[in-house]
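For reference, the structure is listed below as C-alpha cells.
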2 protein chains.
Amino acid sequence: MSDIKPRTRIQERNRGSILEAALDVFSQYGFRGATLDMIAESAGLSKPNLLYYFTSKEAIYIELLETLLDTWLDPLRELDPEGKPIDEIMGYVRRKMDMSRDFPRESRLFANEILQGAPRIQQDLTGDLRKLVDEKSKVIRKWHEEGKIADVDPYHLIFSIWALTQHYADFDVQVRAVLGDKDPFPGANRHLEQIFTKLLTP
Amino acid sequence: MSDIKPRTRIQERNRGSILEAALDVFSQYGFRGATLDMIAESAGLSKPNLLYYFTSKEAIYIELLETLLDTWLDPLRELDPEGKPIDEIMGYVRRKMDMSRDFPRESRLFANEILQGAPRIQQDLTGDLRKLVDEKSKVIRKWHEEGKIADVDPYHLIFSIWALTQHYADFDVQVRAVLGDKDPFPGANRHLEQIFTKLLTP
DNA sequence: CCAAATATTGACCAAATGGTCAATATTTAT
DNA sequence: ATAAATATTGACCATTTGGTCAATATTTGG
C-alpha cells in the first residue's frame with residue numbers, strides 16, 4: 001500500500017545533521033543570507049552530499065519552517081476555555097517562555113522569516129494563525145464578561161505574550177549584553193508573572 | 001581650518017537616495033542577504049554610481065547602523081529621575097511606540113543586526129547601552145524604595161518596554177495578518193498604557 | 001561473499017555578487 | 001563660454017553561489 005521507502009540509517013543521520021546545521025545558519029542570516037556551503041560545513045558534509053538529501057536550499061528551509069509551524073501554535077491551542085482564566089493564560093505564558101529558553105533558534109528562524117515579509121508563510125498567518133487567535137480572543141472576551149478577568153483587548157494581550165516571551169530568544173544577544181553572565185530566564189519568568197497577574201486580576 | 005569639502009547638491013541627493021533604499025533592503029534581508037544591485041535599483045542608480053558615493057556595501061550598512069544607534073537610546077536617556085515615576089516610564093513607552101510607528105524599518109534593521117549576533121555593535125551593547133540601562137535601573141529601584149512605584153525588576157521592566165513596543169514594528173506583518181486592515185497602534189497604545197499603569201501603581 | 005542499492009565528492013557549470021576602471025556626460029564656478 | 005571638477009556607467013574582473021554529474025566508495029540484504 002505505502003510506496004514510500006523507509007529512511008535508511010544514514011539518511012536519518014544525515015538529514016538530521018543537515019536540518020540541525022541549517023537551523024543554525026538560517027536563524028542567524030535568514031534565507032537569502034545563508035549559503036549551502038555554510039550549512040554543509042556546519043553539518044560536516046560536502047555540498048553535493050548535502051544536495052543528495054535535499055533538492056535545494058529552499059527545500060531545506062521549507063522543511064524547517066513547516067516543522068516549526070507545526071509546533072508553534074500548540075501552546076496557544078492548549079488554552080482551555082473551561083479552565084481557570086488566569087491559570088490558563090499564565091500557563092500559556094509559561095509554555096511560551098519554555099519555548100524561548102529551549103528553542104531559541106526556532107524563534108529566531110520565525111523572526112527572520114517575518115522580517116523578510118513572511119513570503120513563505122503568509123497563508124499560514126492569515127489562515128490558521130488568524131483563526132486560532134480569533135477563537136482564543138472570543139474565549140478571553142467571554143472570561144471578562146463573566147467577571148473572571150479584567151477587561152483587556154484579547155488581541156493585544158496575545159501579541160503581548162508573543163512579544164514578551166519571544167524577545168528573550170530573539171534579542172538574546174542584547175539581553176545578555178546588558179545582564180552580563182546572568183541567566184535572564186528566572187528573572188524574566190518572575191517579571192512576566194507579575195505583569196500578567198496584575199493585568200488580568202479583576 | 002576645516003579641510004572637508006561641503007557636499008554638493010547631487011551628493012546630498014544621491015547619498016540620501018542610497019541610504020533610503022539601503023534601509024529598505026537591509027532591514028528586510030539583513031547584511032548578508034542584501035545586495036548592492038538591489039539597493040542600486042531601489043535608489044534609481046547604477047551600481048558603479050552607487051559605489052562612487054560609498055566605498056562598499058559595508059560602508060553603507062555601517063552608516064545606517066551608526067545613525068540608528070545615535071538616536072535609538074535617546075528615548076531612554078530622557079527618563080527624568082526628578083520627574084513623576086509613572087509619568088516618566090509611560091512617557092518612555094510612548095516615545096518608543098512613536099518610534100515603532102514612525103520608524104519601523106530602523107527597528108527592523110536593528111532586529112536584523114541582533115539576530116545576526118550583533119557582530120558590528122557588540123561594543124555598543126556592552127558599553128553605552130549597558131551603562132544607560134544600569135543607570136536608569138538605579139533610578140527605577142530608587143523610585144520603588146521611595147514608595148513611588150511598585151517593586152519591579154528594573155532590567156526586565158526595560159526589556160518589557162523594548163519587547164512590547166518594538167514588536168509592533170518588527171512583527172508588523174504578523175500583527176496585520178491577524179488584525180486585517182485595522183491599524184494596530186491605537187489599540188496597542190491603550191493596551192500598553194493598561195499594562196504599565198497596573199504594573200507600576202504601588 | 002557479492003551484486004544491487006545507496007552514499008560520497010571532485011570537477012564542473014552558469015549565474016550572481018562585490019567590486020574596479022576608464023571613457024564619457026554633466027555640473028560648477030569664473 | 002569654458003575649463004576644471006564632479007558624476008555616470010558599460011565593460012570587465014575575481015570570487016562566490018546554487019546547483020549538476022559521473023566516477024568511486026560504502027552499505028545493505030540475500
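FYI, side chains are in, hydrogens and waters are out, and symmetry mates aren't considered; it's all heavy atoms of this structure. Predicted model only: the values in this text are computed from it and were never measured. Throughout, a chain's letter reflects where its sequence line sits, starting with A, and its residues are numbered from 1.
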Does a side chain donor of either B:S107 or B:D170 reach within less than 3.5 Å of an acceptor in the other side chain?
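Yes.
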Atom pair distance, as rounded to whole Å: [atom1] in [X] and [atom2] in [N]:
X: B:K47; N: C:dG18; atom1: NZ; atom2: C1'; value: 6 Å
X: B:D37; N: C:dA16; atom1: CG; atom2: P; value: 10 Å
X: B:N49; N: C:dG18; atom1: CG; atom2: P; value: 17 Å
X: B:I62; N: C:dG18; atom1: CD1; atom2: C1'; value: 16 Å
X: B:R9; N: C:dT26; atom1: CZ; atom2: P; value: 13 Å
X: B:I10; N: C:dT26; atom1: CD1; atom2: P; value: 11 Å

Flag the pair [X] and [Y] as a salt bridge only when some basic side-chain nitrogen lies within less than 4.0 angstrom of an acidic carboxylate oxygen.
X: B:D134; Y: B:K131; answer: no
X: B:E20; Y: B:R105; answer: yes
X: B:R94; Y: B:D98; answer: no

Which word best sums up how the rings of A:F159 and B:H167 line up, parallel for under 30°, tilted for 30 to 60°, or perpendicular for over 60°?
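Plane angle between 30° and 60°, so tilted.
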When we call it a touch if two heavy atoms are under 4.0 Å apart, what does [X] touch: a base, just sugar-phosphate, or nothing?
X: A:T8; answer: sugar-phosphate
X: B:L51; answer: base
X: A:A59; answer: nothing
X: A:A40; answer: nothing
X: A:R7; answer: nothing

Donor-acceptor contact present, side-chain B:K148 to main-chain B:W143, <3.5 Å:
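It does not hold such a pair.
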Using the heavy-atom set of chain A and a strict 4.0 Å cut-off, write down the first and last nucleotide of DNA chain D that makes it in, 5' to 3'.
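That gives a stretch of D:dT17 to D:dT28.
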